[in-house]
Amino acid sequence: MSRSSDPEKTAMVEDDVKSVMDEHDHKTSKASLTADETASRHSSDSSSIGHASEESDVLEPLEHVISPALQEVIQIQTATSIGSSVARPMEFEVDFGDDDNPREWSFWFRAWMTFVVSFSTWVVVLYSTTYTSSIPGLINEFHVQSETVATLGVTTYLLGLGLGSLVWAPVSELYGRKPVYVCCLFVFTLLILPACLATSLTEILVIRFFGALFGAALIANSAGTVVDISTEETRALVLSLWSIAPLNGPVTGPVIGGFVYQYLATVAMVFTKETYAPTILKAKAARLRKETDDDRWWTRYDMNMSPTDVIKLNLTRPFVLFFTEPILWFFNLWISIVYGILYLCFVAYPIVFTEHRGWGPGLTGLSFVGIGIGTTIGILGEPLWRRIINAHPRDPKTGRIPPEATARILIIGSILTPIGQLVFAWTSLPPTHWAVPIAFGIPFGLGNSFSFIYGSNYLAGAYGIYAASALAGNAVTRSLLGGLLPLAGPKLFAALTPQWASTFLGLLEVALIPIPFVFWRYGERIRAKSPAIRNLREDQERIERRAARAHRRKERMQQKSVADAPVEPETV
């Protein structure tokens, strides 16, 4: 049969040629970019990942949280040889069944999982500020000459959290979330003992750094675990409930603490299950290969990349985005300063209430109650804040609410934070009743919770699957400033007095107010000039073209099979 007489075959050949050319263009453009600029071959939500289907050689959205590095590997491999029916027979792809999908577990077990990861994250964050209540005792015990030196325990801990957050996220992709949780919490727990038995401040500083380094496994992965076990309908609620504990960790740290909480966190984590989709499915595929003695069983998460390459890709991308993306310059500056001031207050407030009101170490912890109430309001009021966000005009092209909608909440937070700080400044000392400065910790805590939660939401919405890297870079800068600014707290409050020191911090927060306003008004234009987001949109267009060709090809094959099917003779 001639080519001209077989239009179906001609169309299929043309589609194949276009696919090859598209793939060639993709590889050519990829070669001219850095690994960090080609982090994904599809868009969708920040917590989605592709899936090889019969209708397309591209990836359809999954909802399990996976980092951009692994997303890139899966997308490239599934879009080429691994996704083909020859290399990987579709009938041998391993997927979730009725009993092994984390989102199909019983309600009570998923609630238990949420509680355990939330509680464990709270313990790690709580331990960062339990130290502040002991600073006067450390000065006396080890004869420390400077409050600034004694404050280094907060700094080393936050630096450990920042570095550990970069390390444990890629490691969990190789070995699963639960093994990382259990091992890191075990080491974290053991390191409590030498901190208690330390004979010098230097020992405490070093031990706290390594304790935070391992405790950061919860910071890096716990939100992903919550997403693993929640559905689209319940995700916002479950994440809000989960975040109550970690966001209140710094507040409750000066009030309570001790070895028993760390110990219980480790024991509870043992009685959980693995929730990470790649780990579950790869283990299931290995079991099927062994049981059936058939090596054809495979998963979409099988990779031709070494663990070293995966970790390297994860570790480098956050820094590339940090130095090349103007959006991150401003957001990292704003959120990090707000976060640093918060931790500076955790150091300075006890000093103010101890020296000027005569409170003991136990009562000084109560000075943070207002901040805790404000943070809780910010979390539990999520339905109201979501309604404000949904009132934003939708994108006419996509029909979705743009990331700039969250800037509405960020604007409110940027105003509430300095209000709480400035009122505290001029009510913190007698004769003003102590309840007044504590009460104005409520708007301060509410503004901080808005900045952290909805600032992260903005970055996630703006960067799509680049979100994990964008947020990782934000976490590093946040930890750096959160660790360094408290060092200035004692000297700042001693030199300027509590009123003027707090006023200076409040005015610094006032100077940051324009940032969310700028992104609310001009965020779409700024995103349009982002190299990473531009590459993301080009990749999405390429994926959509290939998906459309694959769909047309399947329809033609189905029509051809129906036309070629033999006609059964009619029975009398």
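Just so we're clear, the structure is a prediction, and the values are computed from it rather than from any experiment. Side-chain atoms are counted along with the backbone in the values below, which use heavy atoms only and exclude waters and symmetry mates.
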- Task: Classify the ring geometry between Trp122 and Phe119 as parallel (under 30°), tilted (30 to 60°) or perpendicular (over 60°).
- Result: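 Taking Phe119 first and then Trp122, their aromatic rings sit tilted (interplane angle of 30° to 60°).
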- Task: Name the orientation class of the two ring planes belonging to Tyr157 and Tyr127 (parallel below 30°, tilted from 30 to 60°, perpendicular beyond 60°).
- Result: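 Ring orientation of Tyr157 relative to Tyr127: perpendicular.
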- Message: If I take atom OG from residue Ser428 and atom OH from residue Tyr349, how far apart are they, to the nearest 0.5 angstrom?
- Response: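 Rounded to the nearest 0.5 Å, the OG-OH separation comes to 8.5 Å.
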- Message: What's the separation between atom CH2 in Trp334 and atom CG in Leu512, rounded to the nearest 0.5 Å?
- Response: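 Answer rounded to 0.5 Å: 8.5 Å.
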Ignoring hydrogens, what is the shortest heavy-atom contact between [X] and [Y]? Give both atom names and the distance.
{"X": "Ile412", "Y": "Phe450", "result": "CG2-CE1, 3.9 Å"}
{"X": "Ser336", "Y": "Thr477", "result": "OG-OG1, 3.1 Å"}
{"X": "Pro393", "Y": "Arg408", "result": "CD-NH2, 3.9 Å"}
{"X": "Tyr458", "Y": "Pro403", "result": "CD1-O, 3.1 Å"}

Would you tabulate the side-chain donor-acceptor contacts of residues 414-425 under 3.5 Å, counting partners in other chains and residues two or more places apart, or write 'none'?
{"unit_1": "Ser414", "atom_1": "OG", "unit_2": "Leu410", "atom_2": "O", "d": "3.4"}
{"unit_1": "Ser414", "atom_1": "OG", "unit_2": "Ile411", "atom_2": "O", "d": "2.7"}
{"unit_1": "Thr417", "atom_1": "OG1", "unit_2": "Gly413", "atom_2": "O", "d": "2.9"}

- Task: Please determine which of Leu191, Leu161, Thr156, Leu163 meets the side chain to side chain contact (heavy atoms under 4.5 Å, CB included) test together with Leu213.
- Result: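 Only one option passes, and that is Leu163.
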- Item | Flag side-chain contact, heavy atom, 4.5 Å: Ile453 against Trp385 |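 Not in contact.
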- Message: Please enumerate all residues that pass salt bridge (charged side-chain N to carboxylate O under 4.0 Å, His left out) together with Glu325, with sequence neighbours excluded.
- Response: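 In terms of salt bridge (charged side-chain N to carboxylate O under 4.0 Å, His left out), with neighbours along the sequence ignored, Glu325 is linked to no residue.
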- Item | Residues which pass side-chain contact (heavy atoms from CB on, under 4.5 Å) with Trp426, listed by chain and number, not counting sequence neighbours |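 Partners of Trp426 under the side-chain contact (heavy atoms from CB on, under 4.5 Å) test: Gln499, Trp500, Thr503.
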